[in-house]
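Let me begin by presenting the structure, written as structure tokens, before commenting on it.
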Number of protein chains: 2
Amino acid sequence: MGQDVIELDTSLGYLLKEAATALRVEMEDVLRPLGMTVTHYSCLELLAQRPGLSNSELARGAFVTRQSMNVLLQSLEREGQVVRATEAPVGKALPTTLTPLGRERLALASAAVRGVEDRMLAALSNSDRDTALRVLRSMVTSLRG
Amino acid sequence: MGQDVIELDTSLGYLLKEAATALRVEMEDVLRPLGMTVTHYSCLELLAQRPGLSNSELARGAFVTRQSMNVLLQSLEREGQVVRATEAPVGKALPTTLTPLGRERLALASAAVRGVEDRMLAALSNSDRDTALRVLRSMVTSLRG
DNA sequence: TGACCCATGTCAGTAGTCTGACATAGTCTG
DNA sequence: CAGACTATGTCAGACTACTGACATGGGTCA
């Protein structure tokens, strides 16, 4: 019977979910006063680093479906935080860029999120941090293979 | 400006979300044919290891709100996968236990999930695995403090 | 004892994301 | 060149989980 059940306390999968949930909750807490969700913030952050990303590319970067990202982008465009090209330079992908308002919103959010991430990493050595990066990348690769 | 934006490629938070998402997607893929969600599976797994957990305790263990877990438990009880005490031995907490049907469903799900977790850990040394466990625990503690 | 605080169970409404489906643009291939 | 395949954008509906709210049980303490 010891093989029939997964030991949660020592399960890397369980702990991975616990850590990701804790991070998400903390991020939601600091973003809510700004009227932003985690996906909303992720979208702006992606556009700041790689202007011109399409809806599908943003979806992959924020780990949601392109349908979900599409809904978000439509509201962000209505609110003037992003601008989408009216026609595709190639294929059907429509490049999106931040507006000054979008950059302004991002600056506030990024500062708040940085505080959370700094707190999360406070007790970690550089060595531990590097190992964790490598291990997480390995897990992602193995899962997708 | 280098300080204004969080570098996603080397951000432990971003990678944490990526890995957790990849794991969740893979688990959903193997659980969907069984008609189960990840939360559903988590609930059964928790009850197998600690029979008699209450709704709120299950919610904390599965990283959802007690309201969400309550909805799930009601449907699981209707389907005969769990049994809830009709009155509380102490306080308001109602102990929940698995039925034979629940254990049967869990056995199928647990095997499927074990396959996913094994795949995720395939490329990791024991040392890396232990470091990852320690790092993730550290993050959780720091975030909640 | 009575006021206060905290945890729990539960109902209702909302919000975010998902799956399914369809049309379109580009690429590969026999 | 024609057909197949893949990627993208978008609409619609369903589902999951969330926040808000309320009542109840138990413990604390002045």
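Here is how names work: the chains are called A, B, and so on, in the same order as the sequence lines, proteins then strands, and each is numbered from 1.
Under the 4.5 Å side-chain criterion, counting only non-hydrogen atoms from C-beta, A:P95 is not in contact with A:R84.
Listed by chain and number, the residues in a side-chain hydrogen bond (donor to acceptor under 3.5 Å, both in side chains) with B:S54 are B:E57 (sequence neighbours excluded). Under the rule for a side-chain hydrogen bond (donor to acceptor under 3.5 Å, both in side chains), the partners of B:R134 that lie at least two apart in sequence or sit in another chain are A:D128. Considering only residues two or more places apart in sequence or on other chains, B:T97 meets the side-chain hydrogen bond (donor to acceptor under 3.5 Å, both in side chains) condition with none of them. With sequence neighbours excluded, the residues forming a side chain to side chain contact (heavy atoms under 4.5 Å, CB included) with B:A123 are A:S138, A:S142, listed by chain and number. Here A:R119 pairs with A:E26 under the salt bridge (Lys or Arg N to Asp or Glu O under 4.0 Å) rule; sequence neighbours left out. Every salt bridge (Lys or Arg N to Asp or Glu O under 4.0 Å) that A:R144 has, sequence neighbours left out, goes to B:E18. B:E28 meets the side chain to side chain contact (heavy atoms under 4.5 Å, CB included) test with B:R24, B:R32, B:V38; sequence neighbours excluded. Shown here are the salt bridge (Lys or Arg N to Asp or Glu O under 4.0 Å) partners of A:R129, two or more places apart in sequence or in another chain: there are none.
Remark: C:dG30 base-pairs with D:dC1. Criterion, Watson-Crick or G-U wobble with two distances under 3.5 Å.
For the segment residues 59-74 of chain A, residues with any heavy atom less than 4.0 angstrom from an atom of DNA chain D are, sorted by number, A:R60, A:R66, A:Q67, A:N70, A:Q74. Residues of residues 20-38 of chain A having a heavy atom closer than 4.0 Å to DNA chain D, listed by number: A:R32. Taken residue by residue, residues 75-92 of chain A places heavy atoms nearer than 4.0 Å to DNA chain C at A:G91, A:K92.
With 3.5 Å as the limit, one finds no donor-acceptor pair spanning the side chains of A:T99 and A:Q81. Side-chain contact of B:S68 with B:T65: a donor-acceptor pair under 3.5 Å is present, judged by distance alone.
Between B:S56 and the phosphate of C:dG9, there is a side-chain N or O to OP1/OP2 separation shorter than 4.0 Å.
Between the side chain of A:Y14 and the main chain of B:G61, a donor-acceptor pair closer than 3.5 Å is present.
Contacts between chain A and DNA chain D, taken as any atom within less than 4.0 angstrom of a protein heavy atom, begin and end at D:dT8 to D:dT19.
Pairing each heavy atom of B:A109 with each of B:M36, the nearest pair is CB-SD, 3.7 Å.
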